[in-house]
Amino acid sequence: MTTSARRRLLPYLLVLPGAAWLGVFFVVPLLQLGAASLYDPTGSLSTGYALTWAFGNYPAVLQAYWPQLARSFGYAAAALALALLLGYPLAYAIARKAGRWKNLLLVCVVAPMFTSFLVRTLAWKTILSDHGWLVGLLRDVHLLGPNGRLLATPVAVVLGLTYNFLPLLVLPLYASLERLDHRLLEAAGDLYASGVQTFRRVTLPLSMPGLIAGTLLFFIPATGDYINAELLGSPNEYMVGNVIDSAFLVRLDYPQGAALSFLLMAAILAVVVGYLRRAGTDEVWR
């Protein structure tokens with residue numbers, strides 16, 4: 001083999017280990033899950049499942065569990081909106097204003113992720129409990145009634161999602177804002193732009209790569225999450241992840257769980273593609 005041929009093959013050889021890993025641990029399980037979604041719904045673990053290409057599993061589970069599917073996207077969207085209100089100013093402050101405290105603040109953002117996801121959610125269960133200090137404070141200032149509560153409500157689930165996934169939004173935003181050329185902001189000021197105009201015309205467009213990456217990293221796992229709804233909510237707040245978990249581990253209804261999993265993936269993919277197309281269009285028009 002000639003030297004030029006080896007050089008052409010080198011990139012493919014470098015990609016080969018990662019491609020093999022994805023093939024074995026992602027593509028193969030995905031195909032198995034797709035096959036399971038088409039099993040005969042009357043089968044069971046004791047009698048066995050037959051691949052009967054039962055495409056009717058999809059409309060059946062959609063009709064039965066569309067409220068949980070819609071609730072998943074609603075909670076994830078609400079948590080994302082709250083995370084943006086908290087995360088963008090935080091990322092901007094760390095990137096542009098923190099000075100020598102920058103590294104410490106970054107550690108504070110990342111530090112919660114050193115702890116188990118389950119432990120963090122259980123901590124929020126304590127914070128939001130009916131006899132906790134937060135509920136007591138809200139009752140004292142009459143934002144909650146005497147019997148009002150936060151736990152086992154949509155508010156608790158949204159707060160849990162926001163807290164658990166906030167670092168995934170802040171870090172890409174910080175990376176974009178930290179690379180922002182300060183001279184561009186000065187130039188906007190020299191051209192008599194107000195602070196709001198500078199943010200809208202300069203800071204926000206230049207931070208869009210980090211904003212897009214951060215919102216996707218936040219929204220995708222938040223939509224499929226079930227721990228927050230399980231621990232901070234009640235059955236009235238269950239998301240589609242809770243139904244999938246129950247289908248696989250409690251009811252042992254593999255066709256239903258697999259069909260719901262594929263519907264969730266398809267819905268997330270549609271939202272992500274639409275979001276990226278819209279973001280790309282906005283970037284072009286800007």
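Every heavy atom of this structure was used, including side-chain atoms; hydrogens, water molecules and symmetry mates were not.
Looking at heavy atoms from C-beta onward, L105 lies out of side-chain contact with V109 at the 4.5 angstrom threshold. Using a 4.5 Å heavy-atom cutoff, the side chains of L128 and V135 are not in contact. A 4.5 Å side-chain heavy-atom check between E178 and K102 finds at least one atom pair inside the cut-off. Side-chain contact between Y275 and L216 is present, with heavy atoms from C-beta onward closer than 4.5 Å. Looking at S246 and Y238, their side chains never come closer than 4.5 Å, going by heavy atoms from C-beta outward. Taking the side chain as every heavy atom from C-beta outward, L82 and L161 never approach each other to under 4.5 Å. Looking only at side-chain heavy atoms (C-beta outward), L106 and L171 come within less than 4.5 Å of each other. Between L166 and M113, the closest side-chain pair of non-hydrogen atoms is not below 4.5 Å.
The shortest non-hydrogen separation linking A54 to P41 is CB-CD, 4.0 Å. Nearest heavy atoms, V24 versus P29: O-CD, 3.3 Å. Among all heavy-atom pairs drawn from P255 and N57, the shortest one is CB-ND2, 3.8 Å. Contact record, A64 with P67: O-CD, 4.2 Å, taken as the closest heavy-atom pair. P167 and P172 make their closest contact through O-CD, 4.3 Å (heavy atoms, listed as atom of the first residue, atom of the second, distance). Nearest approach of A77 to F219, heavy atoms of both residues: N-CE1, 3.9 Å.
Other members of a hydrophobic cluster containing V250 are absent, since no ILVMFWY side chain comes under 4.5 Å of it, directly or through relayed contacts. The hydrophobic cluster around L269 extends to V273, counting ILVMFWY residues whose side-chain heavy atoms fall within less than 4.5 Å of a member. When hydrophobic side chains of Ile, Leu, Val, Met, Phe, Trp and Tyr are connected at separations under 4.5 Å, V196 ends up as a singleton with no cluster partners.
With sequence neighbours excluded, the residues satisfying side-chain contact (heavy atoms from CB on, under 4.5 Å) with S72 are T223, M239, V240. Residues satisfying the side-chain contact (heavy atoms from CB on, under 4.5 Å) criterion with S129, sequence neighbours excluded, are absent altogether. Under the rule for a ring-ring contact (aromatic ring centres under 6.0 Å, His included), the partners of F25 that lie at least two apart in sequence or sit in another chain are W21. For L33, the side-chain contact (heavy atoms from CB on, under 4.5 Å) partners two or more places apart in sequence, or in a different chain, are F248, A258, S261, F262, M265. With sequence neighbours left out, the ring-ring contact (aromatic ring centres under 6.0 Å, His included) criterion links F165 to F117. Remark: Y226 engages no residue in a ring-ring contact (aromatic ring centres under 6.0 Å, His included) (not counting sequence neighbours). By the side-chain contact (heavy atoms from CB on, under 4.5 Å) test, V28 pairs with Q32, sequence neighbours left out.
The hydrophobic cluster containing L231 does not contain V119, counting ILVMFWY residues as joined when their side-chain heavy atoms lie under 4.5 angstrom apart, directly or transitively. One hydrophobic cluster, built from ILVMFWY side chains closer than 4.5 Å, holds both L31 and L263. A continuous path of ILVMFWY side-chain contacts below 4.5 Å connects L276 to F73, so both sit in one hydrophobic cluster. L144 and W133 end up in the same hydrophobic cluster when Ile, Leu, Val, Met, Phe, Trp and Tyr side chains are linked at under 4.5 Å. Under the 4.5 Å side-chain heavy-atom criterion for grouping Ile, Leu, Val, Met, Phe, Trp and Tyr, L13 is not connected to L22 through any hydrophobic cluster.
Aromatic rings of Y174 and Y88 (six-membered ring for Trp) have centroids beyond the 6.0 Å cut-off, not under it.
For the pairing with N228, the side-chain hydrogen bond (donor to acceptor under 3.5 Å, both in side chains) check across N164, N242, T162 returns one residue only, N164.
The OG atom of S37 sits 15.0 Å away from the OH atom of Y254 when rounded to the nearest 0.5 Å. Distance CG/L169 to CG/L86: 9.5 Å, rounded to 0.5 Å. Atom CD1 of I244 sits about 8.5 Å away from atom CG of L69, to the nearest 0.5 Å. We find the CH2-CZ distance between W66 and R71 to be 9.0 Å, quoted to the nearest 0.5 Å. Between R179 atom CZ and L206 atom CG the span is 10.5 Å, to the nearest 0.5 Å. Here CD1 of I220 is found 6.5 Å from CD1 of I268. Values are rounded to the nearest 0.5 Å.
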Inset, instruction - Just do the side chain to side chain contact (heavy atoms under 4.5 Å, CB included) check on L150 and L138 with the steps written out, would you? - result: CA-CA 10 Å; L150 292 176; L138 293 176; 3.7 Å; yes
Inset, instruction - Tell me, with the steps shown, if L62 and Y58 meet side chain to side chain contact (heavy atoms under 4.5 Å, CB included). - result: CA-CA 6 Å; L62 183 59; Y58 286 92; over 6 Å; no
Inset, instruction - Could you please spell out the steps behind the side chain to side chain contact (heavy atoms under 4.5 Å, CB included) verdict for L51 and D40? - result: CA-CA 6 Å; L51 180 58; D40 184 355; over 6 Å; no
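No side-chain donor-acceptor contact under 3.5 Å links T52 and Y39.
Of the possible polar contacts, one joining the T215 side chain to the I212 backbone as a donor-acceptor pair under 3.5 Å is found. Using a distance-only test at 3.5 Å, with no hydrogens or angles considered, no donor-acceptor pair links the side chain of D253 to the main chain of A247.
Annotation: salt bridge (Lys or Arg N to Asp or Glu O under 4.0 Å) contacts involving residues 123-147, sequence neighbours excluded, comprise D130-R149. Here salt bridge (Lys or Arg N to Asp or Glu O under 4.0 Å) pairs that include residues 221-239, with residues two or more places apart or in two chains, number zero.
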